[in-house]
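This report concerns only the one structure given below.
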Amino acid sequence: MRPRVELLLSLNLVSVHAAPQKPGNGLSYINPLIGTTNGGNVFAGATLPYGLAKASADVDGQNTGGFGLDGSNVVGFSSVHDSGTGGNPSLGNFPLFPQICPDDVLDNCSFRIGDRKLHYVNGSVDARPGHFGLQLESGVVANMTVSQHAALYRFTFPKESGGSKSHPLILLDLTDLWQSRQNASIQVDDKSGRMTGNGTFLPSFGAGSYVMHFCVDFFGSSIYETGVWVNNRAGTEPKEVFLTRGFNLFFLEGGGFVRLDPPSDGTATVRMGISYISSQQACQNAQREIPSPLKAFDSLVSNAEKAWEEKLSPISVKGGGATDDLLTSFWSGVYRNMISPQNYTGENPLWHSDKPYFDSFYCIWDSFRVQHPLLTILDPHAQTQMVEALLDIYKHEGWMPDCRMSLCKGWTQGGSNADVVITDAFVKNLSSTIDWELALDAVMADAENEPLEWSYHGRGGLHSWKSLNYIPYLDFDPYGFGTNSRSISRTLEYAYDDYCISELAGGLGRRDLQAKYQGRSMNWKNLWKADQTSLINGTDTGFKGFFQPKYLNGTWGFQDPIACSALAGFCSLTTNPSETFEASIWQYLFYVPHSVSSLISLLGGDDAMISRLDFFHTSGLADISNEPVFFTVFLYHYTGRPALSTERIHQYVPASFNSSPGGLPGNDDSGAMGAFLVFSVMGLFPVAGQNVYLISPPFVEGISIRHPVTGKTATVRNVGFDASYKNVYVQSARVNGKPWTRSWIGHEFFTEGWTLELVLGAKESKWGTELKDRPPSWSVSS
Ligand SMILES: *[C@@H]1O[C@H](CO)[C@@H](O)[C@H](O)[C@H]1NC(C)=O
Ligand SMILES: *[C@@H]1O[C@H](CO)[C@@H](O)[C@H](O)[C@H]1NC(C)=O
Ligand SMILES: *[C@@H]1O[C@H](CO)[C@@H](O)[C@H](O)[C@H]1NC(C)=O
Ligand SMILES: *[C@@H]1O[C@H](CO)[C@@H](O)[C@H](O)[C@H]1NC(C)=O
Ligand SMILES: *[C@@H]1O[C@H](CO)[C@@H](O)[C@H](O)[C@H]1NC(C)=O
Ligand SMILES: *[C@@H]1O[C@H](CO)[C@@H](O)[C@H](O)[C@H]1NC(C)=O
Ligand SMILES: *[C@@H]1O[C@H](CO)[C@@H](O)[C@H](O)[C@H]1NC(C)=O
Ligand SMILES: *[C@@H]1O[C@H](CO)[C@@H](O)[C@H](O)[C@H]1NC(C)=O
Ligand SMILES: *[C@@H]1O[C@H](CO)[C@@H](O)[C@H](O)[C@H]1NC(C)=O
């Protein structure tokens, strides 16, 4: 039952115990199957960093990312996927399915999903960077790997089921994982077996539709016969089919097939090119990247391994006795951080540009907090291209996305959080090639221009935002339309987004704009209801003062502060829409990242903030499975008690993260959960949009990170580390040998390659407690 990759890992780990880790040794720890059950929705298949081609088996169980280790049936093998997302299964277009037709009769083969689905042999799953393989219960072994825009499959047919005499069939199904196809067509070339075609599909969490093109070639044996299939019947004439949605949008199943002469070694090799431009480009991509398919499999796998090794190479970990489970979670988290966004440069049919084009920003509401900050550290080159892509999207579509997939606008969850991504890049001097004036235009479009349709870009309620300084409950907004809920969470997010704009404007010398947006960044205070209480099952929690919805006329509305928490039920855009998004008022209480000191004052001081945080984290109100919780784990730093942040993260990491298939607490969200684990282990938590990392001792003896641009190596090292985590309290700290009393540090740590030493002890100390040593907070008087 245990996937083969885990055996490989335990073998590798033997040597790791003996010697401290060497740089670049992360590859052997990666387990792509983490998060493939229990709602992690992780993509487990083969991909290059940010690759467009992502090959895996697709199942009929947990299949949002294609494959799930939940014991469900395999329905096909497909070449494009997203990773970790929620909602509808994403992509999985044009799956292939190999089989032997009983008695070698075409009509005896199974075509529809319901007929052809098949379990895999337990324990046969072999997932590692650049490779995915399993054996179907039919005996067919499927192995797959990828280049940037193409996938290569090897289907090995069993000898005993007539594999040596039968003519194996490989079908292509004109569908995707959630059967969103509108229409599609396929042509099969009788001589070569080449299949080309396209389909129009719907984005899994967005508006509009997209067209995808494919080009499939067969190698390893000559073509026996070809044709198309519709429903459960196939024929060798005609050689093409055009499918639509019929009566009541009924979903018709169909596609093409090829049967091969018995391959001498039992293996059919299939190459699939993908393009968003044309099927000709899909063929060209495949031919250019995989010119010799019969010889290419192993070298593609090793190319992928090298590409991943290179991406991991800035990091080097000294475990100091930390468990293999923790190290596996750590390295796999780094790996998953670079699966998406996906590099669609050269594959954007929407506009011509010399800028990079990235897609699958899925969603920025999840990724702005820790995923993009981690990319900024480990792969500033890629993060720069992603920022440039966001700005190019603004230039051609008028707004940056809050979410985007498959060339389509994704639904906005909170604010316009690309503003935070842009500012985070600016305050960390990400790159001098970014056009910062264009960036200022882009973030100001979010802040100033309300689009007619604001459910997929920009912000809603801007008229009220500017005149009333909050987003009203049941706002009257005849200027634009969107899901008119979330007035509290939108107020909080817009406020922080505006703060980020003020930082960018200030940095560009625009003092007028800086002051204007600083002012707006304090709008969150307008929803503070000082006498609001919170009851759980009729018992007063004893806390007074919460955010509450406020009508246009200034009268308070009401939302129970525990509503939308794990204690009271889920709220999303269309599920139980409420004044907070996917989290409670209790959770959003803590979302004032730019002005935590003001929040602490409102609550009544440090101790009041600490009791709020403690209650939140221990009452079942905190939801570790969703991104808003991340910052709250480390918020104790702002009360002068960094030790309490450390205690908190030492509860969450062992309780909610491990290296098993169910080892993530919720959706990985394109790597966001993984990035949270990575930063927690590293002991530096980024406050996205600010040049601030909150310091807490790493879960390992030390971590070094070589900056890919400056080449300098930053090191954080525990002095007195013990892997049983009794000594987790910082007694004193040094940076480059000099005392460091602040509980936070800036990005210069990484770019300049500083060394941070943390002397540990078994009890909380005075370190980081003084006002001057707390992380920065902006306030009106400052
Ligand atoms: C394979 O595993 C699944 C669940 O993971 C189980 O239901 C099934 O019985 C197993 N099959 C065999 C042949 O052991
Ligand atoms: C295969 O098809 C033939 C002809 O239709 C039929 O006689 C035979 O029973 C089928 N075999 C199986 C195993 O279904
Ligand atoms: C192909 O996949 C099978 C099943 O997972 C695995 O045992 C085998 O090692 C893989 N072959 C290659 C060349 O990776
Ligand atoms: C296919 O479907 C799309 C989306 O519904 C539509 O725009 C397009 O015209 C259709 N194409 C054909 C050839 O019917
Ligand atoms: C899809 O393929 C059909 C058939 O070759 C072709 O007529 C159509 O133009 C293609 N659609 C797109 C968007 O390229
Ligand atoms: C994205 O793809 C383009 C075109 O292939 C390439 O030039 C660029 O370096 C890629 N970006 C990254 C971060 O790999
Ligand atoms: C960014 O550049 C400025 C000006 O050179 C410098 O003062 C600042 O320290 C740099 N910030 C970072 C995070 O490297
Ligand atoms: C509230 O009461 C219900 C019913 O008695 C109980 O199931 C639930 O656990 C209680 N919730 C809390 C947070 O105490
Ligand atoms: C403000 O509007 C709300 C909602 O329409 C209403 O219930 C309330 O009575 C109004 N308050 C005043 C003072 O008019």
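Counting starts at 1 for both ligands and their atoms, following the listed order. This chain uses plain numbering: 1 for the first residue, then up along the sequence.
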Does the gap between the ring centers of F43 and F132 come in under 6.0 Å? no
Please check if a non-hydrogen protein atom sits closer than 4.0 Å to atom 11 (N) of ligand 9. yes
If only side-chain N and O atoms count, and only distance matters, is there a donor-acceptor pair under 3.5 Å linking T580 with S489? no
For ligand 3, does V301 get within less than 4.0 Å through its side chain, its backbone, both, or neither, judged by non-hydrogen atoms? neither
Considering only heavy atoms of L134, which atoms of ligand 3 have at least one such atom less than 4.0 Å away? 4 (C), 5 (O)
Test ring pair (Phe, Tyr, Trp, His ring centres under 6.0 Å) applied to F155 and F218, step by step: CA-CA 11 Å; F155 298 122; F218 298 84; 9.1 Å; no
Give the numbers and elements of all ligand 3 atoms closer than 4.0 Å to a heavy atom of D126. 5 (O), 6 (C), 9 (O)
Is the gap between the ring centers of F67 and Y120 under 6.0 Å? yes
Identify the two heavy atoms, one from V270 and one from I170, that lie closest to each other, and give their separation to 0.1 Å. CG2-CD1, 3.8 Å
So if I count the atoms of ligand 3 from 1 in the order they appear, which ones are less than 4.0 Å from some heavy atom of N143? 1 (C), 2 (O), 3 (C), 8 (C), 10 (C), 11 (N), 12 (C), 14 (O)
Selection from T200, L202, N183 by shortest heavy-atom distance to atom 2 (O) of ligand 4: N183
What atoms of ligand 3 come closer than 4.0 angstrom to any heavy atom of R128? 14 (O)
Report the part of H131 (side chain from C-beta onward, or backbone N, CA, C, O) that has a heavy atom under 4.0 Å from ligand 3; answer both or neither where that applies. side chain
Numbering as shown, the atoms of ligand 9 that approach T555 to under 4.0 Å (heavy-atom distance): 1 (C), 10 (C), 11 (N), 12 (C), 13 (C)
Looking at Y588 versus F547, is the centre-to-centre ring distance below 6.0 Å? no
Can you name the atoms of ligand 3, numbered from 1 with element, that are less than 4.0 Å from a heavy atom of S124? 4 (C), 5 (O)
Does NZ or CZ of R490 fall inside the cone over F581's six-membered ring, less than 6.0 Å from its centre and within 45° of the axis? no
Is any N or O atom of Q135, backbone or side chain, closer than 3.5 Å to an N or O atom of ligand 3? no
Starting from atom 5 (O) of ligand 4, what is the nearest protein heavy atom, named by residue and atom, and what distance separates them? Q182 CB, 4.0 Å
Can you confirm whether some protein heavy atom lies under 4.0 Å from atom 14 (O) of ligand 4, or whether none does? yes
At the 4.0 Å heavy-atom cut-off, does M144 count as touching ligand 3? no
Considering all protein heavy atoms, does one lie under 4.0 Å from atom 7 (O) of ligand 9? no
Quick check: does N553 get an N/O under 3.5 Å from an N/O on ligand 9? yes
So Q342 and D82, side chain to side chain contact (heavy atoms under 4.5 Å, CB included) or not? Walk me through it. CA-CA 9 Å; Q342 304 179 17; D82 280 310; 3.1 Å; yes
Determine the minimum heavy-atom distance between R404 and Y357, stating which atoms define it. NE-OH, 2.9 Å
K54 side chain to S83 main-chain N or O, any donor-acceptor pair under 3.5 Å? no
Would you say E579's side chain and S487's backbone share a donor-acceptor pair under 3.5 angstrom? yes
Within the 4.0 Å heavy-atom shell around G133, which atoms of ligand 3 are there? 2 (O), 4 (C), 5 (O)
